[in-house]
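Here is the structure we will look at, set down as structure tokens.
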Amino acid sequence: MLEGKFEEASLLKKIVEAMKDCVSSCNFNCTENGISVQAVDNSRVLLISLLIEKDTFEEYRCDRNITLGVGLGSLSKIIGNGANSDYLTISADDDADKLNIIFEDKVKDKISEYNLKLLDIDADLLDVGPMDTDATITLPSADFAKICKDMKVLSESLQIIVTKDSALFQSVGDIGTGNIVIRPKTDIDHPEESVTISLDKPIDLSFGSKYLSDIIKATSLSQKVTIKLTDQSPGVFEYKLPSGYLRFYLAPKFDE
Amino acid sequence: SKKQSSLAQFFGKT
């Protein structure tokens, strides 16, 4: 038996919105410690790794490990029926073929209950493991989203060049070029506005703009995004949850 | 132009 109660439906809404355009369906792996997902997009360029730790929930129990195959478009439709501020409880029996979803209005005496049919998903997982990191950038997630959107008007690729004291986002396209430079900044009054760059080795990597457009759909999950870059390796883009994370691993583009 | 790589080039299967 799995049962997890979110203090606010908005958190699961945001998680599903951040994932559903990248992967249509995925397995939710439920254990006593929480719920995790690994899913890869159809082109096998972008990997999503989600961890919702037990502490994220108002109440949580999972007596036995269970895997729930979920169509994210369908889940999104049902979750969309609840108000952001509702309590949201998901539950499933051990051999369930459906996921039970209950919204409780905190003011009105109103309870809405839905069942989502589960899917049998045969996922082949990738062994991501711990990765070395040459450069780490942490910046406001809204700023990163704007950089990605602004640069996408120029090119299908976004080049990220990190040196000791700056990160350069560069786009070179048919209509012209664009450069955005950000530098470390400590904002004591508004720590969420701070920018940090730590560097072991300079970085010059290019990523597909269309995949970055998918990644920045997670912007509402966290005020900050952490970007971990390693030479000749996938970039890791991490949005922290109250307890857990939503991470994207994006394979880079290379010169032909 | 640049060529998109695949995650399978970096990560093995579990």
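Residue numbering restarts at 1 for every chain, and letters A, B, ... go by the order of the sequence lines. Computed from a prediction, not measured in an experiment: that's the story for all the values here.
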For [X], does the [atom1] atom have more than 12 heavy-atom neighbours from other residues, nucleotides or ligands under 6.0 Å away?
| X | atom1 | value |
| --- | --- | --- |
| A:Lys240 | NZ | no |
| A:Glu32 | CD | no |
| A:Asp165 | CG | yes |
| A:Lys54 | NZ | no |

Residue A:Phe207 versus chain B: region with a heavy atom under 4.5 Å: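 A:Phe207 has no heavy atom closer than 4.5 Å to chain B.
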Given a strict heavy-atom distance threshold of 4.5 Å, which part of A:Gln232 is in contact with chain B: side chain, backbone, both, or neither? backbone
Would you find a donor on one side and an acceptor on the other, under 3.5 Å apart, between the side chain of B:Ser5 and the backbone of A:Lys253?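 Between the backbone of A:Lys253 and the side chain of B:Ser5 there is no qualifying donor-acceptor contact (under 3.5 Å).
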Heavy-atom donor-acceptor pair, B:Gln4 side chain to A:Ala251 backbone, under 3.5 Å: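 Between the backbone of A:Ala251 and the side chain of B:Gln4 there is a qualifying donor-acceptor contact (under 3.5 Å).
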Options A:Leu126, A:Val40, A:Leu46, A:Leu47, ranked by heavy-atom pairs under 4.5 Å with chain B, top entry: A:Leu126
Please walk me through it: do B:Phe11 and A:Asp127 pass side-chain contact (heavy atoms from CB on, under 4.5 Å)? CA-CA 6 Å; B:Phe11 303 131; A:Asp127 183 17; 5.6 Å; no
Distance col, row A:Ser206:OG vs B:Lys2:NZ, nearest 0.5 angstrom, shows 4.0 Å
Is the ring pair A:Phe254/B:Phe10 parallel, tilted or perpendicular, if the boundaries are 30 and 60 degrees?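 Aromatic pair A:Phe254/B:Phe10 classed tilted.
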